[in-house]
Amino acid sequence: MMLLRSLFISTISSHRFLLLPSLSVLQYLTKPHTSKLLNVDKNPIIHGILKRTFYNQFCAGETGAETRHCVRTLKDLGFRGVILTYARETVFDHKTQSAHGLLGAHQEKTSAAAEETDTCIEEWKNGTLETAALVEEGDFLALKLTGAGPRVTTAFAAGHLAPEQMLSALRTIAGDCKARGVRIIVDAESQHFQAGINATTLQLMREFNKITPTSSSPAPAAVVYNTYQAYLKSTPAVVASHMIAAHQEGFTLGLKLVRGAYILSDDRRLICDTKADTDAAYNSISRGVLKRELGEFGGLYGKHAFPATDLFIASHNRESVLGAYRLHRERVDEGLPTVRVAFGQLHGMSDEVSFGLLAEGEADVVKREEEKEKRLGVKSNGVTLGSSRQARLDRVGAGGPDVFKCTTWGSMSECIAYLTRRAVENRDAVLRTKDEYNALKAEAWQRLFRRA
């Protein structure tokens, strides 16, 4: 069943004439509908079709039990962990100058704004804590702050910090995650809200990524990460301003780098003119951070010392991902300054990039171990030269790259809307699945003839 589902999805995604109409249909279904006939949560036929195809391919589950099972399955495949998000957000459409929110039961409520707002924040907090309970030490919790409702989005649209009730909720969530060894990624959202999201995330980093001034040990790992969209012309300047804040105020900057997710709804003038410009911006930032030389920071001629930074490379672009991994590996091997780095792709998407990165990391680990054995003649644990490749991997443990799968959970309507935006964001990567499609087709035929 899993093979047939993957083949079905790959058939659509690898052919433009199938993918683009499919995205249009999904986008239509995610819009609020008064008729139950077109409501993906209430129409059992539509719900069943989507659940057995797109939802199960890309989402963790509609319930906690389904989500835990999916998370365990992903880890069993060799990934370091997961990034789990609750797929509730508000998207601002620049063309229509309107906000579209997926606020669960509040879609159908007409209660007073103040009362609804307080309820929205509390429900978002409880839903996020429920999501956090589904991940384990070493995993990430991803937050979409606009899912907390109108009071929060109004503050963000004005460029302000989140309201105090929301800040209190975020402190509770961050404190719980820090105590459990779970890291937090605050996702980028519509540019209409992003200034307020940035301000709020910086405040959380000041509080939870703080470096102890008297400590002689390396800067602590970031608990909170902000997300930076490379397709925005303003991103290099935003990153620089946040690096200055981290350097001057003494906290570790958590930097998750993506290309961008809201090209259909954001003001096109804010976005790079070409994909090549976006690729160049992405690779420039990632390589600069990995070298600890970016703009006016670090290097021989930098005006500022490079601040403590943890980098998360979130991309489906094979060249960007493998290029960043190889650069980091080279700098570690040569004893050159670099930063902690992790990698991630969406669940069910660009698996060839994810597994390719794991395979390259595995090969590097084995190669280093073999070179060490040749120098020493025996292994440090007393096992003689020539023991199995798997034994070497078991010993080195965390020697390879930290690769994560980003997945979401929640109702069908919330998750399908989330997935549609991610598919639009990565439609070029989605279309580059011909090799995966051919491999799946060959495997399906082979199994069919074996049974025959």
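Only this structure's heavy atoms are used, side chains among them; waters, hydrogens and symmetry mates stay out. All residue numbers refer to positions in the sequence shown, counting from 1.
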Show me the side-chain donor-acceptor pairs of residues 243-258 shorter than 3.5 Å, one per line, residues at least two apart or across chains.
residue	atom	partner	partner atom	Å
E249	OE1	R206	NE	2.4
T252	OG1	P220	O	2.9
K256	NZ	D187	OD1	3.4

Determine the minimum heavy-atom distance between F297 and A305, stating which atoms define it. CD2-O, 3.8 Å
Without swapping roles, check the side chain of D139 against the backbone of G81 for a donor-acceptor pair under 3.5 Å. no
Between K125 and Q165, is there a side-chain heavy-atom distance shorter than 4.5 Å? no
Nearest heavy-atom contact between L294 and S284 is CD1-O, 3.9 Å
Looking at E137, I'd like to know if its CD atom is crowded, meaning that more than 12 non-hydrogen atoms belonging to other residues, nucleotides or ligands lie closer than 6.0 Å. no
To the nearest 0.5 Å, what is the distance between CD (Q229) and CG (D266)? 7.0 Å
Only counting residues at least two apart or in another chain, list the ones meeting side chain to side chain contact (heavy atoms under 4.5 Å, CB included) with R331. K291, L327, L336, P337, T338
Does the distance from a Lys or Arg side-chain N to an Asp or Glu carboxylate O, for R318 and E352, drop under 4.0 Å? no
How long is the gap from SG on C59 to CG on L346, to the nearest 0.5 Å? 10.0 Å
For side chain to side chain contact (heavy atoms under 4.5 Å, CB included), just list the numbers for F312 and D310, CA-CA rounded to whole Å, side-chain angles, deciding distance to a tenth of an Å, and then say yes or no. CA-CA 7 Å; F312 195 101; D310 286 355; over 6 Å; no
What residues, two or more places apart in sequence or in another chain, satisfy side chain to side chain contact (heavy atoms under 4.5 Å, CB included) together with E207? R171, Q203
Under 3.5 Å: donor-acceptor pair, side chain of H192, backbone of F156: no
Nearest-0.5 Å distance, CD1 of residue I313 to CG of residue L311: 4.0 Å
Among I83, T67, L84, side chain to side chain contact (heavy atoms under 4.5 Å, CB included) partner for V135: L84
Heavy-atom closest contact (Y325 atom, G361 atom, distance): OH-CA, 3.3 Å
Backbone N or O of G61 within a donor-acceptor pair of the H69 side chain at under 3.5 Å? no
Heavy-atom side-chain proximity of P401 to H328 below 4.5 angstrom: no
Would you say the side-chain atoms of R268 pair up with the backbone N or O of I271, donor to acceptor, closer than 3.5 Å? yes
Take T201 and T227 through the test side chain to side chain contact (heavy atoms under 4.5 Å, CB included) and record every step on the way to the result. CA-CA 9 Å; T201 309; T227 301; over 6 Å; no
For R183, is there any backbone N or O sitting under 3.5 Å from a side-chain donor or acceptor partner on Y225? no
Check: G298 main-chain N/O paired with E293 side-chain donor or acceptor under 3.5 Å: no
To the nearest 0.5 Å, tell me how far K405 NZ sits from L74 CG. 8.0 Å
How long is the straight-line distance from CD of E360 back to CG of L357, given to the nearest 0.5 Å? 7.0 Å
Have a look at K275 and tell me which of T278, D277, D279 forms a side-chain hydrogen bond (donor to acceptor under 3.5 Å, both in side chains) with it. D279
Give a yes or no answer on whether the side chain of N56 reaches the backbone of K51 with a donor-acceptor pair at less than 3.5 Å. yes
With salt bridge (Lys or Arg N to Asp or Glu O under 4.0 Å) as the rule and sequence neighbours excluded, what pairs involving residues 219-246 come up? K233-D273
Applying side chain to side chain contact (heavy atoms under 4.5 Å, CB included), run through Y228 and I285 and close with a yes or a no. CA-CA 10 Å; Y228 303 86; I285 294 171; over 6 Å; no
Side chain of N43, backbone of N39: donor and acceptor closer than 3.5 Å? no
Quick check: are there more than 12 heavy atoms from other residues, nucleotides or ligands sitting under 6.0 Å from CZ of R180? yes
Residues in side chain to side chain contact (heavy atoms under 4.5 Å, CB included) contact with S320, at least two apart in sequence or another chain: R259, Y282, N283, S315, N317
If you measure from OG1 on T131 to CG on L143, what distance do you get to the nearest 0.5 Å? 9.0 Å
Does T235 use its side chain to pair, donor to acceptor, with the backbone of Y231 at less than 3.5 Å? no
Apply side chain to side chain contact (heavy atoms under 4.5 Å, CB included) to I173 and list each qualifying residue two or more places apart in sequence or on a separate chain. W124, T128, L129, L141, C177, I184
How far apart are the closest heavy atoms of G348 and F58, and which atoms are they? O-CE2, 3.0 Å
Would R72 and E136 count as a side chain to side chain contact (heavy atoms under 4.5 Å, CB included) here? Give the steps. CA-CA 10 Å; R72 177 44 51 197; E136 303 169 339; 3.3 Å; yes
Check: T407 side chain, A60 main-chain N or O, donor-acceptor pair, under 3.5 Å: yes
Do you know which two heavy atoms are closest between A324 and F343, and how far apart they sit? CB-CE2, 4.0 Å
Should L145 and L170 count as side-chain neighbours, where that means a heavy-atom distance under 4.5 Å? yes
Please verify the inter-ring angle class for W409 with Y86; under 30° counts as parallel, over 60° as perpendicular, anything in between as tilted. tilted
Do E62 and Y55 have side chains that approach each other closer than 4.5 Å (heavy atoms only, starting at C-beta)? yes
Do the non-hydrogen side-chain atoms of L202 and N226 ever get within less than 4.5 Å of each other? no
Side-chain contact test, heavy atoms from C-beta onward, threshold under 4.5 Å: evaluate it for F79 versus Q345 and give yes or no. no
For a quick test of reading the model, state the closest non-hydrogen atom pair linking A199 to L161 and the distance between them. O-CD2, 3.4 Å
